[in-house]
Every structure is written in structure tokens, then in C-alpha cells.
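A short write-up of the structure that comes next.
In what follows, chains carry the letters A, B, and so on, assigned in the order in which the sequence lines appear, proteins first and then strands, with residues in each chain numbered from 1.
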2 protein chains.
Amino acid sequence: MSTSPAFANTPQPPYYAVIFSSRRANGDDGYDAMAARMVELAARQSGFIGVESVRGSDGFGITVSYWKSAESIAAWKANVDHHAAQERGKSAWYEHYEVKVAKVERAYGKPRV
Amino acid sequence: MSTSPAFANTPQPPYYAVIFSSRRANGDDGYDAMAARMVELAARQSGFIGVESVRGSDGFGITVSYWKSAESIAAWKANVDHHAAQERGKSAWYEHYEVKVAKVERAYGKPRV
């Protein structure tokens with residue numbers, strides 16, 4: 001389904017998406033290492049499908065992770081290491097963030113020629 | 001709900017999200033003007049809530065637009081000017097793209113202190 005590692009390889013709907021929009025606070029402060037580790041950790045969770053992520057030069061970013069079920073998202077949210085990262089995200093890494101949990105009902109891509 | 005224009009001002013769920021992941025082809029070829037016009041046009045559509053968008057320096061981008069209903073998304077997809085832009089997107093602007101239509105069930109943000 002994907003032409004590039006940037007695109008998640010998603011199955012036929014239905015499945016779930018977590019849309020994480022954020023603005024980074026100034027300074028790295030361990031952020032890059034944590035972000036890489038969280039992707040690695042998420043990929044090992046039951047129900048994980050894939051992730052797509054972009055951050056602009058202004059510090060605003062969107063990460064969408066895809067999951068098989070609402071239950072797999074809840075389990076990832078409660079993961080101990082992830083929970084520690086969430087707390088640090090609140091206190092240090094993000095000026096602001098918004099999280100949306102959504103059920104993907106339909107999906108299509110650019111037609112292949 | 002938002003601290004910055006980059007964040008969409010979304011209501012309490014349920015509502016809909018269209019997740020558009022794309023990789024740009026090389027060259028502007030009228031892309032920037034079209035993209036600005038499409039955001040302007042979308043904002044005038046019935047049921048439009050808001051939009052969040054980021055593109056990285058490698059050409060991969062994520063745009064999430066938020067809508068009140070699946071019907072408002074269908075109407076926007078069928079809009080004549082938007083349809084022309086979609087066709088040009090297929091032929092010239094995007095190396096690849098994926099579209100997902102999802103129903104937002106839960107949402108929360110960084111707690112305000």
C-alpha cells in the first residue's frame with residue numbers, strides 16, 4: 001500500500017487512529033531520544049498497525065498512529081514507560097498538545113497507474 | 001481549546017476527521033496557490049470545523065481536516081473546484097497520498113495549569 005516508509009501500511013477499515021497534534025517547547029531536553037524510543041515501544045504493542053509523523057520547522061507537528069482496536073490504544077496509553085513519557089510531555093516537552101481517538105471508516109489512496 | 005492557530009478548535013466528540021498523508025512531487029507547479037485556495041474554500045463549506053497541517057522538508061506531509069458529519073465530507077469531496085484540484089493532485093502534485101475518513105470518538109488536550 002505504501003511507496004515510502006513515511007506512509008503507514010494500513011489494512012482495510014475499520015481500524016483506529018490516534019491523532020496527536022503538538023507544539024514543542026524550546027530545547028531538546030531528551031525529547032528526540034524519547035520520541036524514537038516511544039515509536040520503537042509502540043511498534044511492539046499488541047494491535048499496533050503503523051505510524052505517520054511530521055514536524056515543521058515552527059515546532060508544530062502531527063503524529064497519527066494506527067491501531068487495530070480501541071482496546072489496544074487504551075493498553076498503550078497505560079503502558080508504564082509510555083506513561084512516564086506522557087508525564088514528561090506535559091511538564092517539559094510540549095507547549096501544548098491535543099489527542100483525538102478516531103475510528104477509521106473509509107480509506108483510499110492515489111490510484112496506481 | 002487552542003493556544004495557537006496551528007491547532008484546530010474542535011468541539012466535543014463525536015465529529016469527523018479526514019487524515020490526508022501525502023508526499024509531494026518535485027516542483028511547485030501552482031501547488032502553493034492551490035493549497036491556500038483549498039483551505040479557504042473548505043472553510044466556507046457547511047460542516048467544516050477546522051484544519052491542522054504540517055509538511056516536512058522531505059516533502060512528506062499530514063493534513064487533518066475536521067468536519068461535523070460524514071455528509072459534509074462527501075459534499076466537500078464533490079465540490080467542483082475541489083474536484084479539479086484532486087485531479088491535478090493525482091496527475092502532478094503528489095507522488096503518493098492516502099486518505100482516511102474517521103469518526104472522532106474521544107478527545108483531550110494537555111491540561112491547563
Side-chain angles (χ1 to χ4, degrees), chain A residues 1-10 13-25 50-66 70 73-74 77 86-87 89-91 93-113, chain B residues 1-10 13-25 50-66 70 73-74 77 86-87 89-91 93-113:
Chain A
M1 289 281 290
S2 71
T3 55
S4 148
F7 290 96
N9 200 353
T10 46
Y15 51 90
Y16 275 80
V18 178
I19 305 164
F20 180 75
S21 313
S22 64
R23 184 176 293 287
R24 285 273 288 117
V51 63
E52 299 176 340
S53 191
V54 195
R55 189 166 305 279
S57 51
D58 64 349
F60 185 75
I62 301 176
T63 296
V64 187
S65 57
Y66 299 101
I73 294 168
K77 191 174 185 230
Q86 289 169 51
E87 289 307 309
K90 279 182 202 164
S91 63
W93 288 318
Y94 298 114
E95 189 187 299
H96 188 63
Y97 62 76
E98 296 285 342
V99 180
K100 290 160 185 98
V101 178
K103 185 178 189 175
V104 178
E105 297 180 345
R106 292 188 302 118
Y108 58 94
K110 175 169 167 169
R112 306 298 184 178
V113 282
Chain B
M1 291 278 291
S2 73
T3 53
S4 150
F7 290 96
N9 200 352
T10 46
Y15 52 89
Y16 275 81
V18 178
I19 305 163
F20 180 75
S21 313
S22 64
R23 183 177 293 286
R24 284 273 289 116
V51 64
E52 299 176 341
S53 192
V54 195
R55 189 168 302 280
S57 51
D58 64 348
F60 185 76
I62 301 175
T63 297
V64 187
S65 58
Y66 299 100
I73 293 169
K77 192 176 183 226
Q86 289 169 51
E87 289 305 310
K90 279 181 205 166
S91 64
W93 288 317
Y94 298 114
E95 188 186 299
H96 188 63
Y97 63 77
E98 296 284 342
V99 180
K100 289 157 186 102
V101 178
K103 186 178 190 175
V104 177
E105 297 180 346
R106 293 189 300 120
Y108 57 94
K110 174 171 170 169
R112 307 293 185 184
V113 280

(request) Would you name the heavy atoms of B/Lys100 and A/Ala107 that are closest together and state the gap between them? (result) CG-CB, 3.9 Å
(request) Side chain from CB out, backbone as N, CA, C, O: work out which of these in A/Phe20 comes under 4.5 Å of a heavy atom of chain B, or both, or neither. (result) neither
(message) Using every non-hydrogen atom in the two residues, find where A/Tyr66 and B/Ile19 come nearest and quote the distance to one decimal.
(response) OH-CG2, 3.7 Å
(request) Mind ranking B/Ser21, B/Pro13, B/Ala70, B/Ser53 by heavy-atom pairs under 4.5 Å with chain A and telling me who comes out on top? (result) B/Ser21
(request) Let me know if A/Ile62 has heavy atoms under 4.5 Å from chain B in its side chain, its backbone, both or neither. (result) both
(request) Identify the heavy atoms of B/Pro111 and A/Tyr97 that sit nearest to each other, and give their distance. (result) CD-OH, 3.9 Å
(request) State, to 0.1 Å, how close A/Phe7 and B/Arg23 come at their nearest heavy-atom pair, and which atoms those are. (result) CZ-N, 3.6 Å
(request) State whether the side chain of B/Lys110 and the backbone N or O of A/Lys90 hold a donor-acceptor pair below 3.5 Å, judged by distance alone. (result) yes
(message) Quick check for you: among B/Val99, B/Val18, B/Val104, which has the greatest number of heavy-atom pairs under 4.5 Å with chain A?
(response) B/Val99
(message) Counting only non-hydrogen atoms closer than 4.5 Å, does A/Arg106 touch chain B with its backbone (N, CA, C, O), its side chain (CB onward), both, or neither?
(response) both
(message) Need one label for B/Ser22: side chain, backbone, both or neither, based on atoms under 4.5 Å from any heavy atom in chain A.
(response) backbone
